[in-house]
Amino acid sequence: MSFVQQPGMSDTASLIYTITIEEPLTTFTCKSDQTLLAAMERAGHRLVHIGCRRGGCGVCKVQIVSGDTHRLAMSRAHVSVEEEKNGFALACCIEPRSDLTLKLLEKG
Amino acid sequence: MAITGVLRSALMQLRVLDMDAAVNHYVNVLGLDEVGKTEDGRVMLKAYDEFEHHTFVLRLAETAGMDFIGFKVDSDAYLDQLAAETQAFGLPCEWLAAETDQPGFGRRLVVQMPTGHRFDFFADVAMAEDRPMLKNPDIWQKEPHGMRAQCFDHALLYGPNSAEAVRYCTEVLKMAVVEELLAPEGDGKVCTWLTSSNRMHDIAILEYDQPGKLHHVGFKLEDWSAIGNAADLITINNVSLDAGPMRHGVTRGLTIYFFDPSGNRNETYAGGYAHFPDMPVRQWDFDQAGKGIFYYTRELNERFLSVVS
């Protein structure tokens, strides 16, 4: 007797992208169903603050220099419309849709 | 009745960034029940062991944080007295007519606190349909679910002018200071825990440069085993954990901190000692704050002090 895995029971495949931080030069991988902050936290990088991880507190703000992303809801108190146009985002609310390049902000 | 005037914190309206995710969190994970929706789409919630029509309201917004915290008082006449005493103290206040924006609620006195928070006071609330039993009561009518939150318990508020806010709470609201965290220098307080009853705290107020911030909203759980169940649900539901399960030195409460899907911090809280009006204030030196908050690890983490919504 053995257990037969039914279709759909296995983990669905997610795409894996390479995220590059310009300074200090760092790379890590992030899955398409994972946020940048979650990937950084899992990889042990402590380059941005870990706050609420859910878009409310604003401590993990970064600038996306290049690449495609999926943005989850994040507080306007921390990323204005103008800033959003310039690539600013909370790392906890960004899922990659391509390889990305990020710029860190002053760690306040 | 020995407890008069302000009875307890009993209402909060919270801003959320994604309503579906918020309702899932507060209903399916925390264990509140949905009472209904307001005409403008806010969602009213309550815990199973509360009598009030609702005690917790979610409002879809572009920012996280709290709109206001509400306190139930013992009589409508006391509201008039409170309005006069608030004006004499020097804080701005105004009236909201019954049923203005909170179905089931009587008139409310709205006070703008010097910390940037809004305090609402009300005497009359409709009785909830789903509430504790009154005749030969069983422990609940409908089996509690999720973390089995019993009631909305307290909130920790961050804002400027905290000393003035505490003075209003003690001199006008007649709340008692239960515990204090002393400033590293001088005779100021970093944080003050306040209660209007036997409950450990209805609110705590921490000195902070930005006004109107919410550090956390606390919900009461039954005991340490309920805290363990809550911790299991945090992992199962991939809830963003802040700290715990653990004990506080301050209040001796058993606790976990975590974040809702909009980044508002929640606390599930159990235990703690009962406060009586003749008890002296318990004080913590600033360099002992780690033990006061995180009694087991005794280390204050940066996130606890600086992450708010």
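Keep in mind that what you see is a predicted model, and the values were worked out from it rather than measured. In the text below, chain A, chain B and the rest are named by the order of the sequence lines, each starting its count at 1.
With hydrogens and angles ignored, the 3.5 Å screen pairs no side-chain donor or acceptor of B/Asn24 with any backbone N or O of B/Asp20. With B/Asn161 contributing its side chain and B/Glu164 its backbone, the two residues share no donor-acceptor pair below 3.5 Å.
Contacts with chain A were tallied for B/Ala64, B/Ser309, B/Ser240; B/Ser240 has the most, counting heavy-atom pairs under 4.5 Å. Note: A/Ile50 leads A/Ile50, A/Leu72, A/Val59 in heavy-atom pairs under 4.5 Å with chain B.
Distance CD1/B/Ile203 to CZ/B/Phe71: 4.5 Å, rounded to 0.5 Å.
For B/Arg265, no part lies under 4.5 angstrom from a heavy atom of chain A.
At least one side-chain heavy atom of A/Arg71 sits under 4.5 Å from a side-chain heavy atom of A/Val79.
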